Number of protein chains: 2
Amino acid sequence: MALQSERSLDQTDWKILRELQKDARLSYNELGRRVGLSAPATAERVRKLEDAGIITSYGAQVEVTKLGLPLLVFIQLRCFPDHCLFKTSSAEKFPEILEMYKLSGNYCALLKVALSSMEHLEAFTERLSFYGEQTTNVVTSNLFSQQVIDWEKPEVNLRPSTQQGWDKRKR
Amino acid sequence: MALQSERSLDQTDWKILRELQKDARLSYNELGRRVGLSAPATAERVRKLEDAGIITSYGAQVEVTKLGLPLLVFIQLRCFPDHCLFKTSSAEKFPEILEMYKLSGNYCALLKVALSSMEHLEAFTERLSFYGEQTTNVVTSNLFSQQVIDWEKPEVNLRPSTQQGWDKRKR
DNA sequence: ACTGAAATGGTCATCAT
DNA sequence: ATGATGACCATTTCAGT
């Protein structure tokens with residue numbers, strides 16, 4: 001029933017998305033109060049957003065620094081043709097890798113990696129050297145992360161092909 | 001309540017962290033069932049993890065592609081000394097920027113940016129050119145993201161030189 | 001989408017280890 | 001210091017409107 005397939009989101013949907021991105025553990029009661037809906041109606045909206053694949057999951061954000069991983073690095077990887085990290089699907093063997101992207105350009109992959117120490121970094125890059133050439137950059141400060149997606153003109157953004165740019169954001 | 005319990009995380013804490021990273025909306029009842037604790041005890045553990053700053057927030061994960069932002073790019077920025085993006089604190093004016101890191105190496109910053117179209121990318125890089133020289137790479141596929149922090153051998157990975165216990169503070 | 005009732009979950013005081 | 005239990009209150013869910 002959520003499949004009014006290409007219905008675009010209304011203001012209430014966007015409010016729900018904003019609130020749930022900021023606090024996924026809100027009760028439907030409180031969430032409904034904030035968006036101006038009753039709890040059952042709110043729950044139904046959220047269920048539709050989940051079914052539509054717009055909300056994919058709810059996750060606790062953890063501070064890796066406090067879990068003994070004070071070092072965050074980005075590694076650009078140019079894979080060797082015969083040992084590509086993707087094709088061997090060995091990424092699972094590296095729990096240090098938080099995110100992995102395939103990129104256009106000179107390097108075939110970008111890795112975001114959390115590490116416990118310089119020794120750990122050394123051991124990790126050594127292990128990774130089997131797969132390709134690396135360029136490593138250490139994060140010296142994290143200016144911000146996981147900004148909430150919350151646009152002012154969703155109806156524009158939902159139809160990228162037919163629009164002029166969109167430069168404004170809510171509030 | 002213990003102010004000085006400088007203890008590190010036990011297996012139950014790790015189970016809680018794993019479950020909450022996978023589903024932040026679990027009830028304490030269900031979470032407690034999974035980790036083998038009563039609901040109040042589970043709630044107390046979670047509260048301590050929050051107070052210790054280990055769990056920083058709970059967020060709904062949204063699929064930016066379905067919100068009209070099919071283009072994900074990384075931009076390396078070498079700021080002009082006089083117009084550094086950090087010092088002018090103009091990053092707020094760019095809702096397209098999802099994450100921003102200060103990096104060691106040739107480039108002073110790495111931006112992760114979500115965009116609605118090629119035209120949008122063009123307009124964005126044009127606006128950003130005021131701040132510094134850019135190198136842009138488009139993400140062609142996202143191999144994985146936000147891997148759950150859940151080490152097989154926490155006793156190894158959890159001991160950097162400075163293990164941080166929990167500092168508790170009252171709510 | 002709202003209301004109201006039944007089921008479930010959260011919180012607190014208390015007790016036990 | 002931490003966990004369990006039970007009472008009480010809040011929230012979720014489902015019916016009917």
Side-chain angles (χ1 to χ4, degrees), chain A residues 1-62 66-67 154-155, chain B residues 1-62 154-155 158 163-171:
Chain A
M1 32 209 315
L3 295 195
Q4 302 289 342
S5 40
E6 292 293 326
R7 177 178 85 77
S8 67
L9 307 185
D10 64 14
Q11 285 303 107
T12 304
D13 291 316
W14 278 100
K15 283 184 195 165
I16 289 173
L17 282 176
R18 167 156 38 90
E19 295 298 334
L20 283 182
Q21 284 180 93
K22 287 193 294 191
D23 184 359
R25 278 180 80 80
L26 280 175
S27 70
Y28 291 126
N29 249 342
E30 174 61 16
L31 181 56
R33 196 190 59 72
R34 296 189 189 182
V35 307
L37 243 49
S38 68
T42 307
E44 179 67 8
R45 292 258 192 167
V46 172
R47 200 187 57 74
K48 285 182 182 173
L49 289 168
E50 292 167 357
D51 289 350
I54 291 173
I55 295 176
T56 56
S57 67
Y58 303 92
Q61 312 297 317
V62 303
K66 302 222 171 173
L67 291 177
E155 68 284 359
Chain B
M1 326 222 215
L3 282 118
Q4 295 280 44
S5 59
E6 285 275 332
R7 48 169 284 250
S8 61
L9 307 187
D10 64 15
Q11 285 302 106
T12 304
D13 291 314
W14 278 100
K15 283 184 196 166
I16 290 173
L17 282 176
R18 168 157 37 90
E19 295 298 333
L20 284 182
Q21 285 179 93
K22 288 193 293 189
D23 185 359
R25 279 181 80 80
L26 282 175
S27 70
Y28 290 127
N29 256 334
E30 175 61 16
L31 181 57
R33 196 190 60 71
R34 297 189 188 182
V35 307
L37 244 49
S38 69
T42 306
E44 177 67 7
R45 291 260 192 167
V46 172
R47 198 187 57 75
K48 285 181 183 175
L49 289 167
E50 292 168 356
D51 288 351
I54 291 173
I55 294 175
T56 57
S57 66
Y58 303 92
Q61 313 297 316
V62 303
E155 68 280 2
L158 264 181
Q163 165 72 333
Q164 186 130 8
W166 19 44
D167 321 30
K168 304 221 26 202
R169 67 193 165 87
K170 296 203 152 189
R171 206 178 256 260

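Letters A, B, ... mirror the listed sequences (proteins, then strands); counts begin at 1. Computed from a predicted structure; not experimentally measured.
- Proximity of B/Arg47 to the phosphate of C/dT11: no side-chain N or O atom is located under 4.0 Å from OP1 or OP2.
- Residue-to-nucleotide proximity on DNA chain C shows that, of B/Ala39 and A/Ala39, the 5′-proximal contact is made by A/Ala39.
- Under a 4.0 Å N-O distance rule, the pair B/Glu19/B/Lys15 does not qualify as a salt bridge.
- The distance from atom CG of A/Leu26 to atom P of C/dG10 is 14 Å, rounded to the nearest whole Å.
- The nearest whole Å value for the distance from the CG atom in B/Asp13 to the P atom in D/dA1 is 16 Å.
- What separates CZ of A/Arg45 from C1' of C/dC2 is a distance of 14 Å, to the nearest Å.
- Going from atom CG of B/Asp10 over to atom P of D/dT2 covers 10 Å, rounded to whole Å.
- We find that CZ of A/Arg25 is positioned 14 Å from P of D/dT11, with the value rounded to whole Å.
- Of the candidates D/dT13, D/dT2, C/dT11, the closest approach to any side-chain atom of A/Pro40 belongs to D/dT13.
- Residue B/Leu37 contributes atom CG, which lies 14 Å from atom C1' of C/dT17 at whole-angstrom precision.
- Figure legend: B/Arg47 and B/Tyr28 shown without cation-pi pairing, the cationic atom not lying both under 6.0 angstrom from the six-membered ring centre and within 45 degrees of its axis.
- Distance check, rounded to the nearest 0.5 Å: OG1 of B/Thr42 to CG of B/Leu37 gives 4.5 Å.
- The CG atom of B/Asn29 sits 12 Å away from the C1' atom of C/dA7 (whole-angstrom rounding).
- Here OG of B/Ser38 is found 14.0 Å from CZ of B/Arg33. Values are rounded to the nearest 0.5 Å.
- B/Ser38 comes within 4.0 angstrom of a nucleotide base, judged by non-hydrogen atoms across all strands.
- Look at OH on B/Tyr28: it is 22 Å from P on D/dG6, rounded to the nearest Å.
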